[in-house]
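As structure tokens, the structure follows; a few thoughts come after it.
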Amino acid sequence: MELIQQLVNGISLGSIYALIALGYTMVYGIVRLINFAHGDVFMIGSFVGFYAVTMLHVGFVPALLLAMASCAVLGMIIERIAYKPLRNAARIAVLITAIGVSLLIEYVTIYLRGAQPEAYPSTLLPDRNLELFGVVISSQSLFILGTSLVLMVLLQFIVHRTKIGKAMRAVSHDAEAARLMGINVDNTISATFAIGSALAGAAGVIFGIYYTKIEPLMGILPGLKAFVAAVLGGIGIIPGAMVGGLLLGVIESLVSGLGYSLWRDGVAFVILILILIFRPAGLFGKNVREKV
Amino acid sequence: GCGGNQQSGSSSGGNGGGGGGDVIKIGANLELSGGVASYGQSIAEGVELAFEEINKEGINGKKLELVKVDNKSEAAEATNGAIKLISQDKVAAIIGSATSTNTLAQVQIANDNKVPIITPSGTSETVTVKDGKVNEFVFRTCFIDPFQGTVAAKFALNDLKVKKAAVLIDSASDYSKGLAASFKETFTAGGGQIVAEEAYVAKDTDFRATLTSIKSANPEFLFLPGYYEEVGLIVKQARELGLNVPIMGGDGWDSPKLIELAGKDALNNTYITNHYSSGDPDPKIQEFVKAFQAKYNKAPDAFNALGYDTAYFLADAIKRAGSADPVKIKDALAQTKDLQLVTGTFTVDQNHNPVKSAIILEYKDGQQQFKTKVNP
Amino acid sequence: MATWKRTRGFWVSVILAFSFFVVVEWLIASGTLNIFYVNTLFFMAINVILAVSLHLIIGITGQFSIGHAGFFAVGAYASAIMTMKLQLPFAAGVLAAGVAAALAGLIIGVPSLRLKGDYLAIATLGFGEIVRIALLNIDYVGGASGMTVTHMTTWPWVFACLFATILVIANFTNSTHGRACISIREDEIAADAMGINTTYYKVAAFVIGSFFAGIAGALYAHHFYIIQPSNFGFLKSFDILIFVVLGGLGSLSGAVVAAVLLTIVSTFLQNYPETRMIIYSIVLILVMLYRPTGLMGTKELSSLFKWRKAAQGGMNHGGKNTVA
Amino acid sequence: MAAKTPLLKAENVGIQFGGLKALSGVTMELHQGELVGLIGPNGAGKTTLFNLLTGVYVPTDGRIMLDGETLNGLPPYKITRKGISRTFQNIRLFGELSVLDNVKVAYHAHARHSIASSILRLPSHFRGEKEMEEKAIEFLNIFQLDGVMHEKAKNLPYGQQRRLEIARALAAQPKVLLLDEPAAGMNPQETKELMKLIAFIRERFALTILLIEHDMSLVMGICERIYVLDHGQLIAEGTPEQVRSNPKVIEAYLGEEVS
Amino acid sequence: MLKVDGIDVFYGNIHALKGVSLEVNKGEIVTLIGANGAGKTTLLKTISGLLRPKNGDIVYEGASIAGKAAQTIVKQGISHVPEGRRVFANMTVEENLELGAFLRKDKEGIQQDFAKVFQLFPRLEERRKQLAGTLSGGEQQMLAIGRALMARPKLLLLDEPSMGLAPLLVKTIFRIIQEINESGTTILLVEQNAHMALSIAHRAYVLESGRVVLSGTASELQASEQVKQAYLGGH
Ligand SMILES: Nc1ncnc2c1ncn2[C@@H]1O[C@H](COP(=O)(O)OP(=O)(O)OP(=O)(O)O)[C@@H](O)[C@H]1O
Ligand SMILES: Nc1ncnc2c1ncn2[C@@H]1O[C@H](COP(=O)(O)OP(=O)(O)OP(=O)(O)O)[C@@H](O)[C@H]1O
Ligand SMILES: [Mg+2]
Ligand SMILES: [Mg+2]
């Protein structure tokens, strides 16, 4: 029974990772940039949702949409100001900029509103506990799992079936050649950031509802974990992010359940390293040898 | 290094400290960014409010000037900060840091340079006493860990009449570990049994796995000495998982945020030991709460109160010392007796710890209710 | 004679460095430099050692490692165990720090053989976190609250370590072994095809780089009174990474200059606690936007002095070209 | 020529990428001092064969032998040290390194000074580095690259980059040199000069050369023997005249009339 | 149809094109020859909008296109087959071709063009689902040309289409270029293989160090001593 409860715990934790990882993996897949600021966009989404609910007194859906829209705009602004000028620079320069942007978002938020946490109002989404044979499942965690699944399918559809998705993939392989196809590279990359950031924003609101507590540095660890999840599944591969997130959640729950909760994050990183060594392309990625 | 020592001797001898003219400079070496930024910021708010009040009249005709440095929640930066405050800003005393470790990083510098340091919230015993010897220049405003743990254990055994307890510790915090250690000692000595002992790290958000394994050990009581940010979530998640036993913690719980985080219902049947209660009708406390509300537009938490008290604790000593000389301030601090502050009545003991009474509060429908008062 | 000519620059820098040492030692002994400046100087030196050691791994060998704080931590703890737990002299602590960190470098160097670019970056980031979490869970070294360490770091020690780090890494880089590392950075497949044992040199870079990061750890632990796992999180790794990239990837003097400048900036910003991190991050972004190759690019400071000579040489080449 | 044991021998080698059989049952021999051409349509597997010979890929079938010693499974750097070196179809220079340093890197395998001696700046370091520099300049002289030896490799014009690749491959002091489309992107005039250069280094360093090329004027002009690959299999082998008139080759590769 | 009028193009400080002018008339094949680094690729990139000229003008069908965005220029009917093929390596042959028709909306027309491309390059039809990165050089070149044709260009810019190709394929490619031209597409062809290029072109320009140094009909240039010396390998 305890084991099943731990699995349930793990899946709900994992759905959150998956939710953040979806946006992460998409941006990485297209722009090949480890967007360290992704976790902070997630945090901003969470706060936008919070202020929408507490100050504008709107319900869940408008708050979610507002958070997604603001994050989409924020994502596009970040890309235009901080990443676009560096398109042709060394990867590592962009990585440093991403770290800079991440710190900037965190500390501007702290400067504006302080570092103290906020608590999401508990009335936003109904929370009922379903008990099945002694295993408690919260209705919210089912909701989160469902949301992640729907978004995964939607994202997969966008990237692989729509025109903008094809443009995104073309840009990711060779931006100059993409321009010769008539693709507007700047707009495509903006769209990528907008979608990825909107997903982060949605994840932020949902995280707030599920875990109640939000604070300006909340994005760091989930951001990192989501990245681990994305790598686990095969970075750039959308269903991979989903599976990677769930898997990571379940593993962490089992480790904690066995009484090694302090090693939980350590185990996550050990798995990451093992995966990278033995299956560098992730569980779902194809190992493509470099053609010489 | 010998170089550093030689040098520092001359520096503290050469100047009176705290600057001349009509201001006395006081340093604040706080966690304004980094992992525990919220503690440092809360303390800073409390200190700033107190300084504002104190400066309306001034001390011995002088005003207090606060020089803040940010130690980024890192020990090395705390050392850097203390060095800068002492040698560049020439402060008369330093307030901070919020955590025991960051305070410990400054102890040697304080002693070497003969400048007093007061930590508002570093509760670890080792801050003021090392190897049985008192750190001459280090003081604190909070009570020490063992006291709260002992009080909680006795309360659980005698008032709640439980025998099987689980303990869940914030392993990143000396405070939490210290409380847990003294709780376990007193609880088992009184015939109780610890059936589960688990840990988490500050900033975690998901405790369901750990709580699930605690639940399966069937405890009658959960001792949860942590800070409100995690405690709020733990209590909420524990209740969700059907762990409905009484839960108890320390002053780290005390924040209006706790009620928002955990929810009123989940908090029923929980208890804390505390310095003071913001709902306490004592006029001293209500005055503070009102002033704080007016300035910051929110209710004060424990760190706000401790920061505020630290400032008054220091101001009182300066007044009695009649000088901004750090060594004289140190002597005055050590002689503090029956000082009425928000978090209790202060008397500094021979180990530089304040002797304060503790109270036990119960949460009922989101309200703290006074249970008992325990004297040291 | 020829050897003297080639090593002249080397000896000049040795003499300059030694004079610097003597002057600072005198300033400290006479009390002219107050404790604040001494402290800043030590902090700077530790940061320079960290930056230069990471420069070898990232700037020269092209191995994208962003978990350098892990090696730093291993060194700090190893030395603290030697001096505080085993009561051995500081020298033993420094040596143990280097060796323990080098061993850790060997361990993380092995996965690096299979990983490239971002993947290696993430793996090393993970490694750094694992070190931190392990330290958090080992009660012998104090867990989360860490260890208190007696102050033993002195200017002669700091100078000796700094000097050794720069000397070893500069000499390594300016030799066929350094060129082998650079060729791996430029094109690993081609390097392999040219007979370079890429595995060996990647691991060598990791081992040497982490050795010195460990040494920095020993100096740090014995200067700042207390060490705890939270000092060695990924933000610390990022700090070191920022020195290297800001200085200019591939430029040793760039790494030194950036570490010195940023330490000064960081110290200066202590006066603006609320806005410190905001200013810091804006500086970071602006430098990267306007100088994405870093302050020095791949150039070395010494090339500024050689500039005249190089220009003359260029003329000669030009002449030769037209003849050929 | 059959009497002597071959210097380099591929015996029935094959390799598979996923479902694609890029090479199968290829057997070829190179004798000391020969200059052999390898031609075939695009995608026939020529570059892949080079990759097998140099250890970049490990063959799924067959054996590769140098001087009677099996090379299968050795990492590329060991194979290079045993005496096979190559150029790449898409130029792979060390762009940020100077022209001189590019050549020195290839000579590295022959350096005898250790890491320790370099760090301590022992006399053996200076001796080793000096020898390297002299050797490297010698190679650059041959390729008329000495005038640009302090330039970064990435700043060279294309033709010089191609020549530098060959110089670098030679500095590894191979017995067998593999050239992958050395004349690609060169105009006829430059190609002519390249032919002379290849003939010269072959004499000077007693090299055995295998080269891939689509420029028939070059292949037919200087190769003594030619192998023809198509769809991963050898379809012909022989002197330029034999190959030129081989109907299979005409059909798969040359097209009707040969220019 | 296309008139390049005295353009100057820079890479930072490098002056790559110095006042280059040329004309391409409707229905022609015009070839541009010149040594490595002469600026041929630069010129094509400037025409297709990947680079901006500093001075001078580019007029296409009566309107200036100098400095316009690449997608606008593609839309107006200019397709560019870049040097080095630049196919989208991790996408299938089919997806690459679909991208060629990115700006088009006429589904039927696109289907017809698919058929046409496969007719020109039967090899591509065989490899329809293969990832473009695993194609051989020649196959990739076919794909790059096919991809450009999918935009139904009026003017096709080809940058060294024969580079690295087998003799048979070179012939095939040149034959196809002629076919494409005969079906009404104007072509500007950059080539190292001056021989072949001049044999199919109507007119030609010779570029040296960023300047046009010679121009004329293909047969004129074939006969020119200067061209023979430098680009046709003596004779
Ligand atoms: N790493 C790889 N993964 C998958 N397929 C590969 C790989 N390397 C080569 N191939 C395939 O093997 C076949 C032979 O390729 P190779 O590069 O050897 O051709 P080639 O004869 O050199 O042609 P070209 O003259 O165009 O250079 C091609 O179909 C190619 O797609
Ligand atoms: N991205 C760039 N940055 C700087 N200089 C460049 C760049 N691309 C080309 N150049 C320079 O511009 C000049 C013209 O180059 P371009 O590529 O147009 O020549 P090309 O005639 O196409 O040569 P090739 O026959 O080698 O393809 C050359 O001197 C080249 O070095
Ligand atoms: Mg090939
Ligand atoms: Mg070109």
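Below, read A as the first sequence line, B as the second, and so on, with proteins coming before strands; counting in each chain starts at 1.
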Note, E:R86 side chain near A:H173 side chain (heavy atom, < 4.5 Å): no

Which atom of A:A170 lies closest to which atom of E:L99, heavy atoms considered: CB-CD1, 3.4 Å

Within 6.0 Å of CD in E:E182, more than 12 heavy atoms from elsewhere: yes

Note, E:V74 side chain near A:M181 side chain (heavy atom, < 4.5 Å): no

Minimum heavy-atom distance between E:A70 and A:R179, given as atom pair plus value: CB-O, 3.7 Å

Student check: side-chain heavy atoms of A:L180 and E:S79 closer than 4.5 Å: no

Exceeds 12 heavy-atom contacts within 6.0 angstrom, atom CZ of A:R80: yes

Spatial distance of atom CD (E:Q71) from atom CG (A:N184) [nearest 0.5 Å]: 4.0 Å

Chain A contact via E:R85 - side chain, backbone, both or neither, heavy atoms under 4.5 Å: neither

Within 6.0 angstrom of E:K75 NZ, more than 12 heavy atoms from elsewhere: no

Aromatic E:F102 / basic A:K163 pairing, under 6.0 angstrom, 45° off normal: yes

Member of A:R169, A:H160, A:K166 meeting the side chain to side chain donor-acceptor pair (under 3.5 Å) criterion with E:E95: A:R169

